[in-house]
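Since this is a predicted model, take the numbers as computed values, not measurements. Numbered from 1 within each chain, the chains take letters A, B, ... in sequence-line order.
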Protein chains: 2
Amino acid sequence: MSTDQHDPTPRTAPARPAAADLPIPSVWTRPRRSRREQPALSREQIVSAALDLLDTDGLEALSMRKLGARLNAGATSMYTHVSTKDELIELVVDEVYGEIGVPAADDPAGWREAAARSAHGLRTTILRHPWLAPVLGGLGLTQLGPNAMRLSEGLLALFRAAGLPSDEADLAVSTLSAYVIGMSSSEAAWLTTVARSGRTEREWFQGLWPTAEEAVGEHPQLHAQYTSLRDRDPREARDEKFAYGLRRVLDGLATRITDGAGGTDGAGGTDGTTAGA
Amino acid sequence: MSTDQHDPTPRTAPARPAAADLPIPSVWTRPRRSRREQPALSREQIVSAALDLLDTDGLEALSMRKLGARLNAGATSMYTHVSTKDELIELVVDEVYGEIGVPAADDPAGWREAAARSAHGLRTTILRHPWLAPVLGGLGLTQLGPNAMRLSEGLLALFRAAGLPSDEADLAVSTLSAYVIGMSSSEAAWLTTVARSGRTEREWFQGLWPTAEEAVGEHPQLHAQYTSLRDRDPREARDEKFAYGLRRVLDGLATRITDGAGGTDGAGGTDGTTAGA
DNA sequence: CGGCGACACCGAACACTGTACGGAGCTCCG
DNA sequence: CGGAGCTCCGTACAGTGTTCGGTGTCGCCG
């Protein structure tokens, strides 16, 4: 082959020795391979390196300089492929959206299982990349990346196939996503603080106990809740909590699907309009 | 009176004119009032100034230096009252939690309206302080601040009074909160980007339209959804979307309350365990 | 009443951050 | 052979959070 595109040595060799003392620039010390036929830095490369950095070191560890270093590139070289750090993060977010399988819309009767599968998929993705939690909070559900769109489209189709009219399918997707993102982000935040402490989830919880017990003060319900959590496997408790809420959300959606649909929604009382204080 | 504790002049007067030209330091130009009996800087003061800054200029505008300037104090003076910027933010978050009314647990039959009221309260608080969205993503639901605890306790009591056992009341509260936070954060994120553009919500949406139409590409459901949103009042659409999801969540919780409770949960199929891809 | 420890405040400094800009090296097209 | 155009990068700027040493002032104790 004529291309040596994965050359292990840094591309620009010894940087720049000011002006003098450089060891005779010969053909051999010169960097090889053109820049044109293999630009050495690509958007995908940058995005995947950023993802790596985020997953291993967390959100605040991602800096353009560190990212550049990891790619044997200068700090500002990224800006020819990505216009801003925020844009880069949006790209990375869509990248991880790609991990979530798109549900199949066949079998209308199986909508519930399919929706549950997507929900769990979204959750595991968030837990695998906990830095998503604050980022999603700043980005919202309305994503324009191709992978996010594929997923939305699939969910939309799923609820359409289950019998909802198109407007309501949108509402249903948002409801489900909001729940999953809300719950999973909270878990991710918890896991992040635990991880930062270097302790296990259980150790951290028990270390927190004295503080919590005092803070819980005169609140009997909270106290009961905390004590009952004390001797449970935290991870199992989280799994169960997520599953419970998911069942409730799906139950709520089911009232609009399995019943004679096309009703005026209703079901509740005046939930819709009463503003809270 | 001997104390002039709310002196309108800045405490450190004209900052510092280098070395010369200062107008003869006499007894009269000296700052009055002791530091001991009115420390001039208090935690509450700092927190409320920070809240102000956050509400008017957004999350990234909050810096210790700007905060200090607003309080006529040096940048690092905050650190005697607050150990870290993150801690400060936690305090501000609990402060805004205080805006949300705690539900009353009397009248078990009215649980649904009460829960809906709390949900709307949480939502309006998040929309009033949109910087909460990314912050909550990094903090999770488990808050130890007094106001957050008051609210949790109230919600817990509400579901207990409605007939749920204590473990399940916790699950119900989490479900509801996750939905509300997920949905409202998404709205807040949207509003933040809109606000940054200086346009109205409608203008921004219509300006986005060409891009969106292209990005939507081959996805028919998404296309339909976007076009149907095109001629609606965005704010009304958001309100309706939130209300719809809230009804669904409350419907789902209702299956565990108004029915013969104490069942084995069930209702769905295998929602609980199937992991997603 | 004098001294002293505690305390609130602050200026300077450190190690970083995102990014604008100008220039260097390169390749391809005319 | 001369640009045009592109990628890459060093430098620089205007910030950031936080540490540290110092300074002035207070209440308290002897």
Review point. Which class fits the ring pair A/His223 and A/Trp209: parallel under 30°, tilted 30 to 60°, perpendicular over 60°?
Key: tilted
Check your understanding: In terms of ring plane angle, is the pair A/Tyr179 and A/Phe242 parallel, tilted or perpendicular, where the classes change at 30° and 60°?
Key -> parallel
Review point. How long is the line joining CG of B/Leu59 and P of D/dT16, in whole Å?
Key: 13 Å
Check your understanding: Taking CG from A/Leu71 and P from D/dC9, how many angstroms apart are they, rounded to a whole number?
Key -> 10 Å
Given [options], identify the nucleotide with an atom nearest to the side chain of [X].
X: B/Met64; options: C/dG18, D/dT16, D/dT18; result: D/dT18
X: A/His81; options: D/dG17, D/dT7, C/dC10; result: D/dT7
X: A/Ala73; options: D/dT18, D/dC9, C/dG18; result: D/dC9

Review point. Within the structure shown, what part of the strands sits under 4.0 Å from A/Ser77 by heavy-atom distance: base, sugar-phosphate, or nothing?
Key: base
Practice item. Assign B/Leu62 to base, sugar-phosphate, or nothing according to its heavy-atom contacts below 4.0 angstrom with the strands shown. Key: sugar-phosphate
**Study point:** Residue-level proximity of residues 83-96 of chain B to DNA chain D when a heavy atom falls under 4.0 Å
**Key:** B/Thr84, B/Lys85
Review point. Hey, is the side chain of A/Lys66 poking within less than 4.0 Å of OP1 or OP2 on C/dC16, counting only N and O atoms?
Key: no
Determine, for [X] against [Y], whether the closest basic-nitrogen to carboxylate-oxygen distance falls under 4.0 angstrom.
X: A/Glu99; Y: A/Arg128; result: yes
X: B/Glu187; Y: B/Arg235; result: no
X: A/Arg238; Y: A/Glu201; result: yes
X: B/Glu213; Y: B/Arg230; result: no
X: B/Glu87; Y: B/Arg43; result: yes

Pairs under 3.5 Å (N/O, protein and nucleotides 11-13 of chain D):
none

Point to revise | Reported CD1-to-CG distance for the pair A/Ile46 and A/Leu41, which is rounded to 0.5 angstrom | key: 4.5 Å
Point to revise | Euclidean distance, A/Leu136 CG relative to A/Ile126 CD1, rounded to 0.5 Å | key: 5.5 Å
